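Chain A is the first sequence line, chain B the second, and so forth, proteins listed ahead of strands; every chain is numbered from 1. Since this is a predicted model, take the numbers as computed values, not measurements.
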Amino acid sequence: MPEIRVTPLGAGQDVGRSCILVSIAGKNVMLDCGMHMGFNDDRRFPDFSYITRNGRLTDFLDCVIISHFHLDHCGALPYFSEMVGYDGPIYMTHPTQAICPILLEDYRKIAVDKKGEANFFTSQMIKDCMKKVVAVHLHQTVQVDDELEIKAYYAGHVLGAAMFQIKVGSESVVYTGDYNMTPDRHLGAAWIDKCRPNLLITESTYATTIRDSKRCRERDFLKKVHEAVEHGGKVLIPVFALGRAQELCILLETFWERMNLKAPIYFSTGLTEKANHYYKLFITWTNQKIRKTFVQRNMFEFKHIKAFDRAFADNPGPMVVFATPGMLHAGQSLQIFRKWAGNEKNMVIMPGYCVQGTVGHKILSGQRKLEMEGRQVLEVKMQVEYMSFSAHADAKGIMQLVGQAEPESVLLVHGEAKKMEFLKQKIEQEFRVNCYMPANGETVTLPTSPSIPVGISLGLLKREMAQGLLPDAKKPRLLHGTLIMKDSALKELGLAEHQLRFTCRVHLHDPRKEQETAMRVYSHLKSVLKDHCVQHLPDGSVTVESILIQAAAHSEDPGTKVLLVSWTYQDEELGSYLTSLLKKGLPQAPS
Amino acid sequence: MTEGLPVPSAGLAGISSLTMDPECSQLLPALCAVLADPRQPMADDTCLEKLLDWFKTITEAGSSLLLLQENPCLVELLCHMLKPQDLSSRVLSFSLRLTGVLAAQEDCFQYLQQGELLPKLFGEAGPLGGAAWTSPAVRSGWIQGLRSLAQHPSALHFLAHCGAVDTIFSLQEDSSLFVASAAGQLLVHILGLSMQGPAGGPPSLQAGDWPACAQKIVGHIEESLRATATPQITQALNVLTTTFGHYHDPWTQVLWVQLSPLVAGLLEKDPVPAAHSLVDLLLSVARSPGLSSSSCGLWETLAQTLSHLSPTQAGPLALGILKLQDCPQALRAQAFAVLLQPLACVLKAMAQDPGSSGVPDGTVGDSMTAGTPLPSKAACVGLLCRSLAHLELLLPLPQRPCPWPQAPLLGAAVTLLQLCGGSARPACDMGRHLCTLLLGCVRVQRAALDFLGALSDGTGPRELVTQVFAVLLEYLRSPDSSPTVLKKAFQATFRWLLSSPKTPGCWDLDPHALLFLRDLLPVLQKRLCSPCWEVRDSSLEFLTQMARHWGGQAGFRHALLASEVPKLTEQLLRDPESYVRASAVTAMGQLSSQGLCFPPAGPEHHGGQQKSLLVELLHILSTDSEGFPRRAVMQVFTQWLRDSHADVAGDTEQFVAGVLQVASQDLDWEVRAQGLELALVFLEQTLGQPRSHCPHAVTPPVEAPVGPLAQALQPLCRVRLFDFAFRALFDCDRPVAQKSCDLLLFLRAKTASSSGLQESRSSPDVASVEAALQRWQAGDQAQPLGDLEPEVVLAVLRSLDLEGLRGALAESSDHVEKSPQSLLQDMLATVGVLGENEADCY
C-alpha cells in the first residue's frame, strides 16, 4: 500500500533545530535544515548520516525546502550542501533567498570571531549553497520533477516565511514551518486554502498558550524604553541582523515621531540600509497597512534611526542602540553591554530567547555578578528586561489553521512534548483526525489511498459529460464503462495477481494405495511427456510444469482412486491434454 | 541517601581525582537537588548534554570512584532516580548516561554494584519496566549508559545476568531510528568485548567454545538472518557490517565462515531483502584485514551478489569492489561492467551502427536494454546519475580499471549532454525514447557536466575533444541552462581548457583552444549581463580563473582585450547584488594586475584608466554597504601591494595610508583584519626581509634591516600603521586583536636585535601613548594617538605585555561563559525563572 512516512531529525518534540524528512509516493523531501545555537560542536547540526547511511544524499533526496530564514530552520544548509555534499535543488521564497545568506554570514562571523569553532562553513560555501537555491513565489506551483510539485503559502511569522504544500499525484503533505495567525505591525496573518492534504505537519511552539495581544507587549516595550530615556539612561537592544530588529525599529520610529522625542537611536552594523532594501523589495510580503501607506511614507525609511559608530557609546546623555549579536555572546552588543552595565539608569532589553553559554542567558536568569575574562567581575546594575516578540501561532491559531486546511491527519513538530500531548488530544477530539507527535528519530507511517490514473476515451467522456453538469473535482460522478487493469496498476496497489486454476477429477480403477497410484501416474507421464518437466514431489503429488496431480481414495469405492488435476490458464492446452490422457487409464503395471 | 553503598576505600584518597575546582564542588549538591526535583524543569536541553560532557572529561582524566567519594550528592542523585515519581525523562536519561560514564572504571563499577544501584537502574526494576520507558530519550539514555559502562569483564558479567542483552535485541526494532541504531552499535560492542577473552587471552577459534554472551548474540544474528521480515535482516546485516568494520581479530574470520552461508542464502530470495545493507556488509568484510577473502568464498559471493541485484543496487557494490586493493581480475571486470552498463546502453541507443558503442559491455542483467521498453523516467535518471557519480569517484583512484575506456566515456558524457540539451539526433526508436526521457533533465545535466569535467584529466581523440568543447559551448549558450547547470558548465570548461594540449615550454592555450575562446567570449559577455545574479557571479568567477592562468599569454590577452568582457566586468562593480560586486572586484583586480582591463591604447590613456580603478575600489571600500565587496577590495589591494602593482608602486605610502585609514574604520571585523594583513605586507617590505613562510612565527630576524632602524620605521609611522595596529589590539572582535598582536610581536622581534636607535623609555610622549592605550583597553577609543615617532613606538612596544595578551586572546571569547562553573551557575540560576521566561525560540 502507498504510504507517507515522516521522520524528524530535529523539531521532533523539541524546539532546537527543524529538519524533517518526508517520503511521499516514493519521493523524499527534507523540510528545513536548521541549526541548534546551543551547541558549539557538530551537535548543532542534525545527524544527516541517518538519511542514507553510506549512500549519496543527492541520489536519495529529491529536494530540500526551507520555510524561512531563521537559523533554527536554515542554519545547517551550507554545511549540508557544501560539506556533507548535497548537490540537489533547494527551494525557498524570494525574500528568504535574499535574507538567508545575510543571517548565515552574520552567524559565521560570530562563530569565527568567538574562536574555537572548528568545522564551520565559510563565506564561499554560503554563496555556493545559495546558488543551488530555486526561489519560488507565493501560490506558484513549482514542478520539482515530473511527479513532485510544491506550492508556497503565506505564513506571517517573518518576512518571506512560507508554508509549503508538497504533492505527488493525489497525495499531499502541508508543512507550516513557523507561522502566525494574527497580523502584526509589519506582517500579515498566515493563510492556506482548503487543500485537504493527507497530512498537515504543523509547528506547536505555543501549543497550550493563548497569547495576549501583541499590542500589549509593544506598549510595554515602548513604555520601558521611554522611561529609561526620560531618566537619562541608555538602552541597549541586542538583536540579530534582520527580522525582529526591523519590527522594533518601526515601533520606535513611529513612537519617536509621535512623541517628538530627541534622544538618538542607533543601529550598530549598518544593516538598516540592507533591511530597508529588502523590505522595500518585498513590500508585497508585508501587511496591508504597510503596503497601503507605502506610497506616502515607506515604513522602512527611518528618520530617527542612524548608523552607529563605536565612539558614540561614550557620548553623554540618553540613547537607544540596536546592536548585534542578539544573545550578547560576542562582538559589539557585548562590548556596549560591558560599558553600560554598571549604571542603574541604563537598560538592556532582550527581545528574544538566549541559549545557555551566553551573557544574555545569564542576565535573563537573574545573574547580576558576571565573571569576565581574567577573573574580573562585572556587576550588572542596569535594568534587564525580557520581551518575547516571537511570532508564532498560539493554540487557537493552530486549531484555526487545521480547520482551514482540513487535513486527513495532523503531525505536531517544533514544540515541547507535554504541550504537544495536550494539543494532540484537542485536535483529535475536535476534528476527528489522527494526530501524531513523533520524537526525533521516530518515524510515523501513514497509509494513503492508492491513486491509479485511468485512461478514458474521449468519446466516453463526452457522452457522460453530455448527460450531466460540468465536472466538479470535489463532487464524485458516476461513469459507466469497463475497467481494464494492467500489471503496473497491481504493482502500485501492492496487490498480488489473482491466480485462476482449472480443476478436474479423473476416476481410475486402481485398488493400490494412493501413493502407489501417484507413482504409477508419474512413471506413465514421465514416459509419455519426454519434453516436459515431470516431477514427483515428496508429498506424493506429481507436477508437469504448472499442472498438479494428486491421488486420493474414493470415499465409497475402495477399488477406485480419484486423480485431482489442476492447472493454470497459461497451461490450459497441456492441462486438457493431460486430463484426456489420464482418462484413458494407466498402462498395466508389471506384476 | 547512599542506601546500601559503603563509603569508598580511604586508601584511594591519595590518588588525585583530577576532578573539579572547589567552586564547582560547592555548586554541585544544589544542582543535584534541582535535578532530582521533578517540579524544577530544565528549560535548555543542551545544559544536560554539556554537563555530561564535563563529567566525561573529569572521569577520563581521573578516578570516578574518587569523584563519587568527594561528591556524595552524585550517588544521591542516582539513588533518587529509583524512587517512583514523575521524573523528567531528560533527567532520567541523563542519570542513566552518567551512571554508565562513572561505571566505566571497574572499581567504581564494583562500588555501584555493591549498592545494587546498577541492577536497579538498568534491570527490570528500573525505568525499563516503568512508564518512563515510553520516552525514546530514556531508552536512548539506557543504551548509552550501558555502552559507556561496558568496558571491563565485570560489566560483561553484569550485562549477561541482568537480562540486558535480550532487551537490546528488542531495542533493535525500536520505533526510534536513533535508539535502534544505538542498540545495534551496543551489540557489536558487547560482542567485541566478550571476544576479548578472559584475562586478555585469545578466545577459541571454535565458535562453539565462545563465551556464552557472544554465542547468544551470534545466535540472535543467525536467527535474524533466517527471518522473513526485511527489518530484522537489515538489523543483523548492519550489526555484522559494524563488527567487521571495527574488529579484525581472528575470531571475525570464524564468525564470517559461520554466517556466510546464511548471508549468501539471502541472494536466493527474490527480490533480495535489505540489499543496501547486504552491500555494506559484503564490502565491510572484503575490506577487513582480518579476513582472507579467498578462503571464505567471498569473491564468489560478491560476484553472485553483483549479478543478483538490480543495477541501481549493484552500483555501490561495484564501486566498492573496484576500490579494493586486491581482488580477482574477473570480479573487477564484472564490477566495472555494472558501472558502465547504463552508459553503454545510452551509446548503443544512439549509435548509428548498433553494437559499436566502444564501452565494454557487461554480462550482467541489463535493465536498461533487456527490459525494453525502457524503465520509467525516474528510474532511468536515477540510474544514470548514480553511474556517472560512481565513475567520477573512481576516476582519480590509482586502482581504477586499466585500460580506462576514456574515449567511449567521453563519448557517453557528450551524448548524454546532447540528449538532455535536445541536440542529439537519435537514429532508432530506443534513442528517440531516451531523448524524450532525458530532454531538459537538470539532474542528468549536472551529473554529466561534473563527470565531463573530471574526464579532462585524461586525453581523448581530437575529434571527441572538439565535440566536448562544442557541447560545453552549447550549454553555455543555451537560454535553457539553469544557473546550477551553467556553473557546472563553466567549471567543466575551465578544466578542459587547462588540460588542452600545450606546446612544450609554452603555457599559452593551443590553437584549438584559442579558436574556442573566440566563440566563448561573446557567450561570457552575454552571461555577464544575465538577469540572474548566480549566473553573473559564476561568469565572473570563471573569468577570474581564466585570467589567473592565461592572463600573461598573448593569444588570450588579444582575444580578451578585443571583447567587451573587461568593460562589462568593470560595470559589474556597481551591481545591485553584493556577491556579484565582490566577484567583480576580484576579477577586476586580477585583470588589472595583468594589464587586461582595457583595449590596447596609448600609454598615457592606459595610465589614466588604471588610476580610476584604484579610485573606484577605494570608493567601494569606503562606501559599499555590505562586507563582501569591501573584503574583496582588501584582498585585491593586499595582492597589489605584494606584487608591486604599477599604481601602488608609484606612491606606496600614500596608497597604504589611504587604505589603512578606511579599513580601520570599517564595521566589518574581517575588513579590519585584512587591513592588518596589508599592514604586515607593507611592514615586511619596508623592513626589507622577505616574507617568511609563517609570518606570525616569532623568530629572531636572520638579517638586520637595511638602513638605520629609525629610518626604516619612519614610513610605518607616516602611514599611521601603529595607530591602526595599537587600536586593533583592543578590538572587540577577537581575530582582529589577535592579528594585531601577532603583527606587533613580529615587529618587536625584528627590532630587538637591531641597534642604532635609542628608545625613549620615559619621555612624555610615551606616557601619553600608554595612557591612551589604557583608555582604549578600557573601551574608550575616541581619542586618536596623533603622530608617533619611531622611538615612542619602540618604547610602547617594549612596555606592552604582548605575550600575555596573545595567551589571553588564544582562548575563545566566550570561554568564561562556557566553563563548567558557569554552566552550573546558569543551571541553578534558571530555577524559578522558568515560569516567567518560558522556553522560547525565534
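- Per-residue counts of heavy-atom pairs under 4.5 Å with chain A were compared for Cys385(B), Cys532(B), Ser181(B), Pro483(B); the largest is that of Ser181(B).
- Only the side chain of Gln821(B) comes within contact range of chain A, judged by heavy atoms closer than 4.5 Å.
- Looking at Asp145(A), neither its backbone nor its side chain comes within 4.5 Å of chain B, counting heavy atoms on both sides.
- The contact between Glu371(A) and chain B is made by backbone and side chain atoms together, counting heavy-atom distances below 4.5 Å.
- Using a 4.5 Å cut-off between heavy atoms, Pro136(B) contacts chain A through its side chain alone, with no backbone atom that close.
- Interface remark: Ser88(B) contributes no atoms to any contact with chain A (heavy atom separation under 4.5 Å).
- Salt bridge present: Glu442(A) and Arg139(B) bring a charged side-chain N and a carboxylate O closer than 4.0 Å.
- A distance of 5.5 Å separates CG of Leu177(B) from OG1 of Thr443(A), quoted to the nearest 0.5 Å.
- Comparing Ala673(B), Ser822(B), Cys441(B) by heavy-atom pairs within less than 4.5 Å of chain A, the highest count is held by Ser822(B).
- Taken from OG in Ser123(A) to CZ in Arg631(B), the straight-line distance is 4.0 Å, to the nearest 0.5 Å.
- Neither the backbone nor the side chain of Ile363(A) comes within less than 4.5 Å of any heavy atom in chain B.
- Rounding to the nearest 0.5 Å places CD of Gln335(A) at 12.5 Å from CZ of Phe730(B).
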Under the side-chain contact (heavy atoms from CB on, under 4.5 Å) criterion, do Asp450(B) and Asp87(A) qualify, and how do the steps go? CA-CA 11 Å; Asp450(B) 277 343; Asp87(A) 200 24; 3.8 Å; yes
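- Only the side chain of Gln97(A) has a heavy atom closer than 4.5 Å to any heavy atom of chain B.
- Counting heavy atoms from C-beta on, the side chains of Arg43(A) and Asp53(B) come closer than 4.5 Å.
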Thr46(B) and Met37(A): CA distance, side-chain angles, deciding distance, side-chain contact (heavy atoms from CB on, under 4.5 Å) verdict: CA-CA 10 Å; Thr46(B) 62; Met37(A) 308 264 276; over 6 Å; no
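- Using a 4.5 Å cut-off on side-chain heavy atoms (C-beta onward), Arg446(B) and Lys132(A) make no contact.
- Residues Arg386(B) and Arg56(A) fail the side-chain proximity criterion, which asks for heavy atoms closer than 4.5 Å.
- Of the atoms belonging to Val355(A), heavy atoms from both backbone and side chain fall under 4.5 Å from chain B.
- With a threshold of 4.5 angstrom between heavy atoms, Ser583(B) approaches chain A through side-chain atoms but not through N, CA, C or O.
- When every heavy atom of Phe308(A) is checked against every heavy atom of Leu667(B), the shortest pair comes out as O-CD2, 4.2 Å.
- Between Glu49(B) and Phe39(A), some side-chain heavy-atom pair lies under the 4.5 Å cut-off.
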Start with the C-alpha distance between Gln665(B) and Asp309(A), add both sets of side-chain angles, then the distance that settles side chain to side chain donor-acceptor pair (under 3.5 Å), and finish with yes or no. CA-CA 9 Å; Gln665(B) 301 296 320; Asp309(A) 183 287; over 6 Å; no
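- Counting only heavy atoms from C-beta outward, the side chains of Phe628(B) and Lys127(A) never approach each other to under 4.5 Å.
- Looking at Lys487(B) and Asp128(A), a side-chain N of the basic residue comes within less than 4.0 Å of a carboxylate O on the acidic one, giving a salt bridge.
- Ranking Lys418(A), His361(A), Arg338(A), Gln13(A) against chain B, the residue ahead of the rest is His361(A), based on heavy-atom pairs under 4.5 Å.
- If you tally non-hydrogen atom pairs under 4.5 Å between each of Val133(A), Asp62(A), Asp59(A) and chain B, the highest count goes to Asp59(A).
- Contact of Asp280(B) with chain A is made through the side chain alone, with heavy-atom distances under 4.5 Å.
- A pairwise comparison of heavy atoms in Val112(A) and Pro735(B) identifies O-CG, 4.1 Å as the closest pair.
- Looking at Arg90(B) and Asp14(A), no side-chain N of the basic residue comes within less than 4.0 Å of a carboxylate O on the acidic one, giving no salt bridge.
- Shown here for Trp533(B) and Lys131(A), the closest heavy-atom pair between the two residues is CH2-CG, 3.9 Å.
- For Arg5(A), the CZ atom sits in a loose shell: 12 or fewer heavy atoms of surrounding residues, nucleotides or ligands are nearer than 6.0 Å.
- Residues Asp826(B) and Gln367(A) meet the side-chain proximity criterion, which asks for heavy atoms closer than 4.5 Å.
- The backbone N or O of Gln356(A) lies less than 3.5 Å from a partner atom in the side chain of Lys50(B), making a donor-acceptor pair.
- A salt bridge is defined here as a Lys NZ or Arg NE, NH1 or NH2 lying under 4.0 Å from an Asp or Glu carboxylate O, and Lys362(A) with Glu817(B) fails to meet this definition.
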